[in-house]
Each structure stands twice: as C-alpha cells, then as structure tokens.
Amino acid sequence: MSKDITSRADDYSQWYIDLVRKAGLADYSAVKGCMVIKPYGFAIWENMRDTLDRMFKDTGHVNAYFPLFIPKSFLSKEAAHVEGFAKECAVVTHYRLKNAEDGSGVVVDPDAKLEEELIVRPTSETIIWNTYRDWIDSYRDLPLLINQWANVVRWEMRTRLFLRTAEFLWQEGHTAHATRDEAIEETRKMLDVYATFAEEWMAMPVVKGVKTANERFAGAEDTYCIEALMQDGKALQAGTSHFLGQNFAKAFDVQFNTKDNTREYVWATSWGVSTRLMGALVMAHSDDDGLMIPPRLAPTQVVIVPIPKPTPELLERANAIAADLRSKGVRVKVDTDDQNRPGYKFAEYEKLGIPVRLGLGARDLENGTIEVARRDTKEKSSVELTSLTSHVVDLLDAIQANMFERARAYRDSHITPVDTWDEFVRLLDEKGGFLSAHWDGTGETEELIKTETKATIRCIPLNNPQEAGTCIKTGKPSTQRVLFARAY
RNA sequence: CGGGGUGUAGCGUAGCCCGGUUAGCGCGUCUGCUUUGGGAGCAGAAGGUCGCAGGUUCGAAUCCUGCCACCCCGACCA
C-alpha cells in the first residue's frame, strides 16, 4: 500500500482527498470552497473536455460564450428557477475599491454602487434565453444548438474537492426547438452522449434515468440523468439533461413564426457535465496505491523507466521505443530522472494511475525483452521487443475494457431489489449501492424516506419495466420500481 | 447559522495544563560518498513573524482578552 495515502477501508473520504492531493489533481486555495486544479488534474479534464466537445460538434452543436454576470432581475423571471438558485448566488454590488483613509488597505468605495446588482452565474439559462429572444424570429432559425464551456459559481455551504466546489468548470448546452417532440429528442440524445462518454471513455457504467419532481432541475419539466456508483456504494449524479418545455421561452418571451404563420413559444433543453466528473473518475476506479486513469483519458498512457538509471544506451533504446509507440498514437513519457530509484518511481507512477509502465534494464537489452506492468491488475510480464508496440496498443484497449467490466460487475452486483422496509434500511447500511424498490409516486413519501435514511431516489430508469407492487414505505399501490441510494 | 475542534518550517507534529537555556522530532529539500530490477544508507547543512492584535509578567508558543482562518458534525446542496 502507498506510503502517504489513507486506505479505503480506514477512511474512504480521506482516501479520496489524499488521492486528489497526492496525485497532484487539485489543491485547496486561499478562497474557501474554491480549489486550484493542478496541471495533472487539468490535463485529464482537458482530455474529457476535448472528447466531449468533439461529440457535441458531431451531433450538430456549436460553441459560443455568454457573460459571467447576470442582471439580478433576470433570475427572478422564471419562478422555479430563482427558487432553486437564489440561496447560493454570489452577488456583485460595487465596481470599485479605494484606499482606506486610515491606511489599513483598500475598502469598497461606497460611491461605486451598481444601479442593478449582478449575479455571478450559477447557470446561464436566463442570460442565454434573454439573448435568444433576439436571435429567434422564424422557424428557419431553429433548432438553435449552442454549447458553452464556462465556469459557474454556486455558494455551497459545504464543499469537497471536485465533487462540490463553490466555483467549477463545466459545459452547458442550451438548445431551442420548434416542437416539443424535437426538444425531448434532443434531451434524450444528449443524455446518450453523456452515457456513451461515461462508459466508453471514463470506463464508468451509468444508469440512465429520469428524476422525480423533487430532484428535478429548477425550471425544468423533466430532468434526465446518468447515475454512477462509487466504490463506497454511494451514487453520484454524473450528468444531467433537462427538457425545459416552454418555461424559459415564456419567461423571456421567445416566440417564433411557424410555417403556418402562427406565433409560438420555442421549446428548450439544457444539459451539462462538470469537473465533478473528475471526482467520479477517481472514485469509480483507483485503489489504495493511487489513481487508476482509464487509457483513453490518461494524459500519459505509457511510461518507460530505464532501470536502474537512464544511461545513454538505455535512453537511446527507450526513446526509440517511445517514438515507435507515438507513431501508433500512444501518449508516452520517458523517465529521464537520475535521482530516484526504480522502486520509488514504480510507486509514483502507480499513484498517478498511468495505465502501462515499461521497465527497461541491462537484463532486457541482453534478452531483447522489456518488462510490461499494467496498473489495473498490477500484473507484470516480459515481452519481446520485436512485438512490443502492437502488444502495448492491444494492452491499452484491454485495460480500458477491463476497468469498465470491473466497474460494471460492481455496479450490477449493487442494484438490489428490495421489498420490505426493514430490508431497505438494513441494506442501505450494510451493502449500499442502488436499491430497487416500489414507491407510491408522491413527493411526501420520497421526502420522508430521505429524512429517515438519507437515501434519495436517484432516478426512474429509462425503459423501466412496469410491475404492480406496493410502496416500500407506505404500502400504497405502485406501478414500478425506482432506484434509491445515498448519494454525493 | 447551531454544536465541537485546530492553528508551531513545504508537509506531519512534540512542547502549552504547571511561563524560564538556542522551540524538539519525522518526512521533504540541499551537499558529499556509497547504493540502485519494488518507496536506499551514512555524514553534514539550510529552513520558524509559534494564525493576527493587544494585555499580564523581570520573562509568553505556554496565562488573559479580542479578532481571523481552517477542519469535523448538523442544517443546505441543479
């Protein structure tokens, strides 16, 4: 086990914090609740961002950028929306500082009070829909498919690195459509994009579903989500896609002329994923030795360690191997450090979660081999140099697949059907994961269960089989099971 | 905002209750030598406004007052 990482068994929460900090993903900052994303963490985020950006563009979206500040009055135009966000908004009231008269530093200049206060965006629906009013006149202007990469601020009372920070990075898609069906189709399409990204790139299986009214986005008619399961049995909402109906179009008066020359409000969607995915990535995989980054997202996929130290001869061979791998599109680092010993380096690269490590020493040069170590299973093998490149390319795919399968096996074994309240309460504590149970469909019951157990309805899975049953809590009739879990 | 706790070197800490040499130790860093296929050893060195401000005292990391920051539990959390 790693020297400086708390084990999952000892303290899962501390393990997570140790990993994030010791692997150089992020640090606490001088600002409470805000973090510094360090170069290694940002490199992973960049890979996520670039991949998603390509997927958005492949589905017809374009990028734009809207202001960080939102006039306070905008927020109150959609009733549910302001209700949901008002309690966590940072507000700009002044635009100037001045030197304090007693020389104690700078103070806010009371003469520089803003006429209308500005909100730092917690999300951009309002400013975007206010803009869309001017952009949309005709059905020919639709659909409008725009995405924005941005930072947002939500003044959370309690924060955790990546999982919930006061400021975070994300993308938010905001689309406008001529018909209800088309908007719903868009909502579902982007949910599929998120699910594909989570599963194929992050190697993290997700459940696609729809939120209950209680958990719905403030201002949405329906909120779809992907829910992932972390290794401690807690669920994590990894992405959301909202069907906004005509709520924002009505709030901001965005109408268009139809083909039939009538006037109608447009239909809207919004969808987003954030740097929270970094937290998901860490907690879905990784172990007591450190991170485990799936190959497709790893900034460095292969590291070559000359053993015991980088002699000119070893370096020449290592660089040649690296060049060959790079020509196949593999991201390779050659370790040229001449200070630390091999054992130290092995541990360090495992902490960073680099999928494949190649050890090259004098013994290998003699035999024409190289030692191949994979991060996911810790297995080591000796491979002929002549077949190394294709071996590594295949291995990276195998690791990606293995990480997904392992996470899926865990997830699948942690979706437990439950039919009695006692068992429900017991399994929440003893096993965790998703509990599939009947629910009477009311917000009151959902709230009651949350108060008593801290478990929430994570989602009603898509294509959920309909089956008659009785609510786990109230015994009232139910038509389907829903997924409960304790969540981040 | 309620309850509890902590601030000492880059990190982790001892000392505080019971005031008294030059604030000690581990990790890390730097230098040198020996090592090197799973987190090296020895020798030496550098590194401190003891969270901030005031007070008590011959003397304060230690006692008193005020302030600040952070952490944990709870409330809150698309």
Side-chain angles (χ1 to χ4, degrees), chain A residues 1-6 11 13-14 17-18 21-22 27-34 75 78 80-89 104 121-126 152-161 163-166 168 170 172 211-220 222-226 236-242 244 270-274 276 289-290 305-311 314 335 337-351 357-367 369-373 378 380 382 450-451 454 456 458-459 486-488:
Chain A
M1 186 167 67
S2 179
K3 272 184 173 177
D4 46 15
I5 297 171
T6 305
D11 185 344
S13 182
Q14 190 59 46
I17 294 167
D18 283 351
R21 302 196 66 192
K22 303 287 170 57
D27 251 339
Y28 293 113
S29 75
V31 183
K32 181 179 167 66
C34 294
L75 212 69
E78 213 288 330
H81 193 66
V82 66
E83 172 75 13
F85 286 106
K87 283 175 286 183
E88 50 186 29
C89 282
S104 62
R121 61 182 168 215
T123 181
S124 300
E125 273 79 3
T126 56
V152 289
V153 169
R154 297 181 187 178
W155 215 265
E156 303 286 357
M157 287 174 152
R158 186 126 159 238
T159 58
R160 303 191 68 186
L161 294 169
L163 297 175
R164 179 170 290 111
T165 47
F168 56 92
W170 78 344
E172 46 182 328
K211 289 289 188 189
T212 62
N214 280 4
E215 300 280 326
R216 198 176 283 155
F217 175 74
D222 263 321
T223 287
Y224 294 83
C225 63
I226 51 171
L236 185 131
Q237 176 180 300
T240 49
S241 184
H242 314 292
L244 302 175
S270 70
W271 28 274
V273 295
S274 71
R276 181 178 236 209
D289 292 322
V305 182
I307 296 170
K309 282 197 171 180
T311 62
L314 286 172
D335 185 312
D337 170 272
D338 62 358
Q339 297 297 314
N340 294 303
R341 305 178 358 143
Y344 177 86
K345 292 178 179 179
F346 296 166
E348 281 300 302
Y349 288 125
E350 278 158 14
K351 187 162 77 187
R357 185 186 71 237
L358 304 177
L360 184 68
R363 187 200 297 165
D364 298 294
L365 289 188
E366 270 180 41
N367 302 336
T369 60
I370 192 163
E371 184 182 79
V372 179
K378 294 292 210 62
K380 290 194 281 196
S382 189
K450 182 181 178 183
T451 308
K454 290 185 178 173
T456 51
R458 300 319 302 158
C459 70
R486 292 197 177 120
Y488 279 98

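All chains are named by letter (A, B, ...) in the order of the sequence lines, taking the proteins before the strands, and each is independently numbered beginning at 1. As a basis for the values below, the full set of heavy atoms in this structure was taken, side chains included, without hydrogen atoms, waters or symmetry mates.
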So what does A:E172 hit on the nucleic acid, given a heavy-atom distance under 4.0 Å: a base, only sugar-phosphate, or nothing?
nothing
Using a heavy-atom cut-off of 4.0 Å across all strands, would you classify A:A362 as base, sugar-phosphate, or nothing?
base
Please state how far atom CG in A:D27 lies from atom P in B:rC71, giving the value in whole angstrom units.
13 Å
Touch check for A:G84, heavy atoms < 4.0 angstrom, all strands: base, sugar-phosphate only, or nothing?
nothing
Tell me whether the guanidinium CZ or amine NZ of A:R164 lies under 6.0 angstrom from the six-membered ring centre of A:Y488 and within 45° of its axis.
no
Considering only the C1' atoms, how many Å lie between B:rU29 and B:rC68, rounded to the nearest integer?
31 Å
Counting side-chain heavy atoms from C-beta on, which of B:rG37, B:rG38, B:rG39 comes nearest to A:E348?
B:rG39
Pairwise C1' distance, B:rC33 and B:rC25 [rounded to whole Å]
26 Å
Specify the separation, in whole Å, of atom CG of A:L314 and atom P of B:rU36.
15 Å
Within this structure, what is the CD1-to-C1' distance between A:I17 and B:rC72, rounded to whole angstrom?
11 Å
Choose from B:rG38, B:rC77, B:rG37 the nucleotide whose nearest atom is closest to any side-chain atom of A:E88.
B:rC77
Please state whether the phosphate of B:rG74, meaning OP1 or OP2, lies under 4.0 angstrom from any side-chain nitrogen or oxygen of A:K454.
yes
Report the distance from atom CZ of A:F85 to atom P of B:rC76, rounded to the nearest whole Å.
17 Å
Rounded to whole Å, how long is the line connecting atom CZ of A:R363 with atom C1' of B:rG38?
12 Å
Over how many whole Å does the gap from A:L360 atom CG to B:rG37 atom C1' extend?
11 Å
Grab the stems for RNA chain B, please: at least three consecutive Watson-Crick or wobble pairs, both distances below 3.5 Å, written as range with range.
B:1-7 with B:68-74, B:10-13 with B:24-27, B:29-34 with B:40-45, B:51-55 with B:63-67
In whole angstroms, how far is the P atom of B:rG38 from the CZ atom of A:R357?
10 Å
Heavy atoms under 4.0 Å, any strand shown: does A:F217 hit a base, just sugar-phosphate, or nothing?
sugar-phosphate
Among B:rU36, B:rG39, B:rG37, the nucleotide that comes nearest once only the side chain of A:P308 is considered
B:rU36
What's A:D364 touching, base or sugar-phosphate or nothing? Going by heavy atoms closer than 4.0 Å.
base
Contact under 4.0 Å: A:R341 side-chain N or O vs B:rG38 OP1/OP2:
no
Describe the nucleic acid contact of A:Y488 in one word from base, sugar-phosphate, nothing, applying a heavy-atom distance below 4.0 Å.
nothing
Closest heavy-atom pair, A:T369 versus A:S382, reported as atoms and distance to 0.1 Å, is CB-OG, 3.4 Å
Length of the CD1-C1' vector between A:I5 and B:rC11, whole Å
15 Å
Of the nucleotides B:rG39, B:rG37, B:rC77, which one has an atom closest to the side chain of A:A347?
B:rG39
